[in-house]
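Proteins come first, then strands; the chains are lettered A, B, ... in the order of their sequence lines, and each starts at number 1. Keep in mind it's a predicted model, so treat the numbers as computed, not measured.
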Protein chains: 4
Amino acid sequence: MQREHRPLGRPRQDLKEKPTKNVILDVATRLFLEQGYQVITMDDVAKKCGVTKATVYYYYKTKADLFTDAMVQMMIRIRRRIFDILSADKPLKERLFEFAKAHLQATVDIDLNGFMKEATTSLSSEQLQQMKGAEDKMYEALEQALINAMENGEIPKSHPQLGAHSFVALLTVGNYKDADQQPIFPSIDEMTKQIVDFYWNGLGNE
Amino acid sequence: MQREHRPLGRPRQDLKEKPTKNVILDVATRLFLEQGYQVITMDDVAKKCGVTKATVYYYYKTKADLFTDAMVQMMIRIRRRIFDILSADKPLKERLFEFAKAHLQATVDIDLNGFMKEATTSLSSEQLQQMKGAEDKMYEALEQALINAMENGEIPKSHPQLGAHSFVALLTVGNYKDADQQPIFPSIDEMTKQIVDFYWNGLGNE
Amino acid sequence: MQREHRPLGRPRQDLKEKPTKNVILDVATRLFLEQGYQVITMDDVAKKCGVTKATVYYYYKTKADLFTDAMVQMMIRIRRRIFDILSADKPLKERLFEFAKAHLQATVDIDLNGFMKEATTSLSSEQLQQMKGAEDKMYEALEQALINAMENGEIPKSHPQLGAHSFVALLTVGNYKDADQQPIFPSIDEMTKQIVDFYWNGLGNE
Amino acid sequence: MQREHRPLGRPRQDLKEKPTKNVILDVATRLFLEQGYQVITMDDVAKKCGVTKATVYYYYKTKADLFTDAMVQMMIRIRRRIFDILSADKPLKERLFEFAKAHLQATVDIDLNGFMKEATTSLSSEQLQQMKGAEDKMYEALEQALINAMENGEIPKSHPQLGAHSFVALLTVGNYKDADQQPIFPSIDEMTKQIVDFYWNGLGNE
DNA sequence: TATGAATGAGGCTTCATTCAT
DNA sequence: GATGAATGAAGCCTCATTCAT
């Protein structure tokens with residue numbers, strides 16, 4: 001765990017350049033999230049990164065690999081976010097509100113269900129396992145927060161896995177737009193409040 | 001496994017077979033639901049129908065057309081089902097339970113969000129309108145049932161659109177399988193009961 | 001050569017309806033002339049005629065047959081027009097002018113060269129013979145007029161076949177439009193006059 | 001007959017072969033000239049080049065692009081030839097003769113009219129502009145030679161644009177073959193002489 | 001580390017043609 | 001005489017992937 005030997009003084013400017021592999025992963029993640037696995041081509045990724053397709057293949061052996069890595073990393077990041085937000089020292093409802101709001105503000109709708117479905121046909125079973133694993137861990141982070149709250153007596157005891165999934169499911173309501181592009185509530189704040197209230201009731205609170 | 005190749009030309013009108021167009025629409029609907037728009041090819045559809053691709057194109061000018069029609073028809077059917085089940089003369093909670101159960105029993109997970117996302121990238125704006133229109137109407141059917149119940153005093157007054165969307169969103173929880181292919185609850189009945197209870201609380205009932 | 005027995009009196013209205021076969025031929029001729037053999041589909045023809053493809057096939061065994069017939073009939077008509085115009089009792093130059101003008105007024109550019117080239121790949125050799133035959137006869141009509149004029153002393157003796165082809169070739173100049181859609185001369189009359197003058201000189205007149 | 005399939009990936013840079021892009025353009029030009037736009041498939045081009053279709057698409061995004069480029073390059077070459085031949089220091093008639101002969105010797109009949117017609121239906125308006133532009137410039141080269149000759153007093157003053165187009169139009173006469181495959185004159189030399197003489201008269205020379 | 005050049009496989013779509021009615 | 005339903009063959013184009021440099 002020791003840091004590598006590094007020259008003294010201020011690092012050179014070009015050290016700030018993100019390594020190519022990271023650029024690719026970040027760009028890919030965004031593109032896949034925005035448009036889905038099938039629609040995005042390796043060329044799309046390459047072009048957005050300012051490199052060639054061959055370079056992408058230098059870092060990721062297949063498209064499926066790139067996708068898997070992108071999704072897994074993303075779920076890890078979300079899990080970390082859940083941890084961060086939900087371990088704050090505030091009433092659970094407030095923490096849920098914060099998380100919900102953060103989630104709904106992210107422009108891209110993270111439709112995990114959809115991604116898993118698209119992936120099923122194209123990924124190796126090992127890759128699917130990886131994704132599923134990351135997904136499960138993500139939910140577990142939420143579950144844990146609920147379990148804690150149940151033990152604290154903050155909320156009634158109930159099935160925490162159901163609670164975790166229900167929360168994420170309800171968040172998708174926030175992304176709905178009708179035929180005229182109207183969301184259900186005009187502001188994100190209102191949207192978030194309503195969803196969290198609904199969820200809070202659902203948990204059995206009065 | 002499939003029918004032998006038919007001879008050229010118009011087939012004899014022997015048996016009272018389902019008209020080819022219907023066969024195509026039904027098969028396409030199932031395939032699209034199971035695997036998504038991008039993954040399914042026109043050839044997949046054709047082969048499953050025992051006809052050639054050209055025949056599929058005889059009835060549907062493009063893949064996007066076929067998809068749109070399939071989705072719209074499906075949403076119309078669901079809407080009808082909602083009507084049928086929700087207009088029965090029973091307590092609302094029972095009716096919700098019935099609908100939820102029917103929905104969760106359908107083998108294919110009807111992930112509307114996912115479909116709309118895939119559609120966005122590949123359909124004409126006119127086709128998107130059609131799909132969105134059908135989707136909205138579907139939700140309206142649910143909303144109406146909620147509105148009635150609020151007026152009856154069966155449930156507290158609240159935002160019916162939110163209620164409708166929340167219900168559908170919660171249903172997706174029933175399709176979740178973890179990395180070991182385990183659903184959250186082992187039986188559909190239990191699953192349905194838990195989801196409807198959660199929802200029922202969410203609506204503000206005590 | 002006796003006329004068929006026909007009922008006395010005025011024929012019924014519906015006798016005025018052009019027989020379907022003729023409609024097809026006429027429509028096909030126009031479409032092929034306007035857009036070429038390959039581009040026009042049997043469906044295009046059928047739709048413009050208000051019948052189905054199968055009907056077109058009822059009258060013409062193949063697309064190549066329809067095309068051949070259309071082109072041959074057209075060349076026969078042109079040949080007749082040449083006869084009519086060129087056998088009038090006026091100075092040759094006037095007659096040439098008239099024919100040229102009639103030709104240039106027809107909106108469609110009858111680019112026989114182009115048609116023969118397109119046809120070569122797609123027609124049977126017998127069909128090609130038919131077309132070539134009709135084309136040759138068409139030119140012969142012009143040649144004959146030139147031969148007559150040479151014998152009359154109206155124009156110097158020269159190679160009549162060259163004369164006939166040169167005339168038709170020069171007419172194509174009238175259809176030229178530059179990148180800004182400008183023809184070489186602004187009015188058809190001026191165009192015709194200039195071309196015929198040029199031709200007239202070419203024949204060796206002073 | 002053709003090269004064996006190449007292995008995947010970048011080929012060894014062995015011999016000083018013509019760059020693939022040039023090979024494709026040259027082959028395509030010849031094929032399009034010989035048989036027309038619609039008849040030639042991208043596969044035809046690829047096979048004649050000993051590469052796969054995908055390779056052709058690597059260099060040209062669409063068939064229309066390939067065609068446009070082929071035609072434009074060809075017209076640029078012709079224009080250069082016009083320049084070269086017509087700027088020699090000889091009497092105009094001799095120069096015209098030379099150009100005509102060179103043109104008629106080229107085995108393929110360059111039927112510009114036909115190509116422009118085929119193009120109209122299939123090319124984007126931008127591509128059409130490109131082709132038209134190249135065509136116009138080609139004619140302008142001829143016009144300029146005529147203008148010079150008029151100013152020299154070598155030929156009478158007349159409309160140079162008409163002169164340029166007439167010349168090219170008359171050249172097509174040289175490619176005519178009748179139903180028995182007979183050209184109008186048996187030898188190219190005689191053909192050329194007759195056409196140029198006709199043209200020379202047409203210009204108003206005595 | 002990065003890329004340019006190439007391929008194979010496959011997807012969408014069109015179209016001439018056929019045939020029972 | 002006319003048509004609706006179907007097919008087979010082919011054409012355009014895309015894309016994940018490979019490999020020598």
Side-chain angles (χ1 to χ4, degrees), chain A residues 19-21 38-46 49-66 122, chain B residues 5-14 19-21 38-46 50-64 66 122, chain C residues 19-21 38-46 49-66 122, chain D residues 5-14 19-21 38-44 46 50-66 122:
Chain A
T20 307
K21 186 166 182 176
Q38 310 284 346
V39 182
I40 294 300
T41 73
M42 292 300 259
D43 231 19
D44 291 337
V45 176
C49 295
V51 298
T52 60
K53 239 192 310 192
T55 303
V56 178
Y57 274 95
Y58 180 79
Y59 290 104
Y60 292 93
K61 230 162 66 118
T62 66
K63 187 187 178 190
D65 280 343
L66 175 56
S122 313
Chain B
H5 272 199
R6 296 192 198 166
L8 272 177
R10 173 189 275 204
R12 294 224 193 92
Q13 195 138 17
D14 261 338
T20 306
K21 186 167 184 178
Q38 309 285 349
V39 180
I40 293 301
T41 73
M42 290 301 258
D43 222 21
D44 290 339
V45 175
V51 298
T52 58
K53 247 186 305 187
T55 302
V56 179
Y57 277 97
Y58 180 73
Y59 292 103
Y60 293 92
K61 242 162 59 130
T62 66
K63 188 188 177 187
L66 175 55
S122 312
Chain C
T20 307
K21 186 168 182 177
Q38 311 283 347
V39 182
I40 293 301
T41 72
M42 291 301 259
D43 231 20
D44 290 337
V45 175
C49 295
V51 297
T52 60
K53 239 192 310 192
T55 304
V56 178
Y57 274 93
Y58 181 78
Y59 291 104
Y60 293 91
K61 232 162 64 118
T62 68
K63 187 187 177 189
D65 279 344
L66 175 56
S122 313
Chain D
H5 271 199
R6 295 195 201 165
L8 273 178
R10 172 189 276 205
R12 294 226 193 91
Q13 193 138 18
D14 262 336
T20 306
K21 186 167 183 178
Q38 310 284 349
V39 179
I40 293 301
T41 74
M42 290 302 259
D43 222 21
D44 291 338
V51 298
T52 57
K53 245 187 307 187
T55 302
V56 178
Y57 277 98
Y58 180 74
Y59 291 104
Y60 292 93
K61 240 160 64 125
T62 66
K63 189 188 176 187
D65 278 344
L66 175 55
S122 312

Between D:K61 and A:K63, name the one whose nearest nucleotide on DNA chain F is closer to the 5' end.
-> D:K61
Annotated structure of DNA chain E as dot-bracket, pair cut-off 3.5 Å, Watson-Crick or G-U only, | for inter-strand, is .||||||||||||||||||||
Would you please name every residue forming a side chain to side chain donor-acceptor pair (under 3.5 Å) with C:Y57, sequence neighbours left out?
-> none
C:D43 CG to E:dT18 C1': how many Å, rounded?
-> 15 Å
So which nucleotide from E:dT3, E:dC15, F:dT3 ends up closest to the side chain of A:T52?
-> E:dT3
Walking DNA chain F from its 5' end, the first of C:K21 and A:A64 to be reached, judged by nearest nucleotide, is C:K21
Tell whether A:K53 reaches the base of F:dT17 with its side chain through a donor-acceptor pair below 3.5 angstrom.
-> yes
Which part of the nucleic acid, if any, lies within contact of A:Y59, taking any heavy atom under 4.0 Å across all strands shown: a base, the sugar-phosphate backbone alone, or nothing?
-> sugar-phosphate
Which of F:dA2, F:dC13, E:dT3 is nearest the side chain of A:A54? It is E:dT3
With a non-hydrogen cut-off below 4.0 angstrom, is A:I40 in contact with a base, only sugar-phosphate, or nothing?
-> sugar-phosphate
Counting side-chain heavy atoms from CB outward, which of F:dC12, E:dA6, E:dG11 is closest to B:T41?
-> E:dG11
When rounded to whole Å, the CG to P distance for the pair A:D44 and F:dT14 reads 12 Å
Nearest heavy-atom contact between D:A46 and D:K53 is CB-N, 3.5 Å
Could you pull out all residues at least two apart from D:Y59 that satisfy side-chain contact (heavy atoms from CB on, under 4.5 Å)?
-> D:T20, D:K21, D:I24, D:T55
Taking C:K63 for the side chain and C:I40 for the main chain, is one N or O donor matched with an acceptor at less than 3.5 Å?
-> yes
Should C:T20 be listed as having a side-chain N or O under 4.0 Å from OP1 or OP2 of F:dA2?
-> yes
Tell me, please, which residues at least two apart from A:D43 pass salt bridge (charged side-chain N to carboxylate O under 4.0 Å, His left out).
-> A:K47
Check every atom of F:dT3, F:dC13, F:dG11 against the side chain of D:Y57 and return the nucleotide holding the closest atom.
-> F:dC13
Residues in side-chain contact (heavy atoms from CB on, under 4.5 Å) contact with A:A64, at least two apart in sequence or another chain = A:Y37, A:T62, A:L123, A:Q127
Round to a whole Å and report the spacing from CE of D:M42 to P of E:dG8.
-> 17 Å
Indicate, with a heavy-atom threshold strictly under 4.0 Å, whether A:T55 touches base, sugar-phosphate, or nothing.
-> base
Using the closest heavy atom to pick a nucleotide of DNA chain E for each, name whichever of A:G50 or C:V39 lands nearer the 5' end.
-> A:G50
Tell me: CD of D:Q38 to C1' of E:dT14, nearest whole Å?
-> 13 Å
Set of residues satisfying side chain to side chain donor-acceptor pair (under 3.5 Å) with respect to D:Y60, sequence neighbours excluded | D:D69
Report yes if a side-chain nitrogen or oxygen of D:Y58 is closer than 4.0 Å to either non-bridging phosphate oxygen (OP1 or OP2) of E:dA6; otherwise report no.
-> no
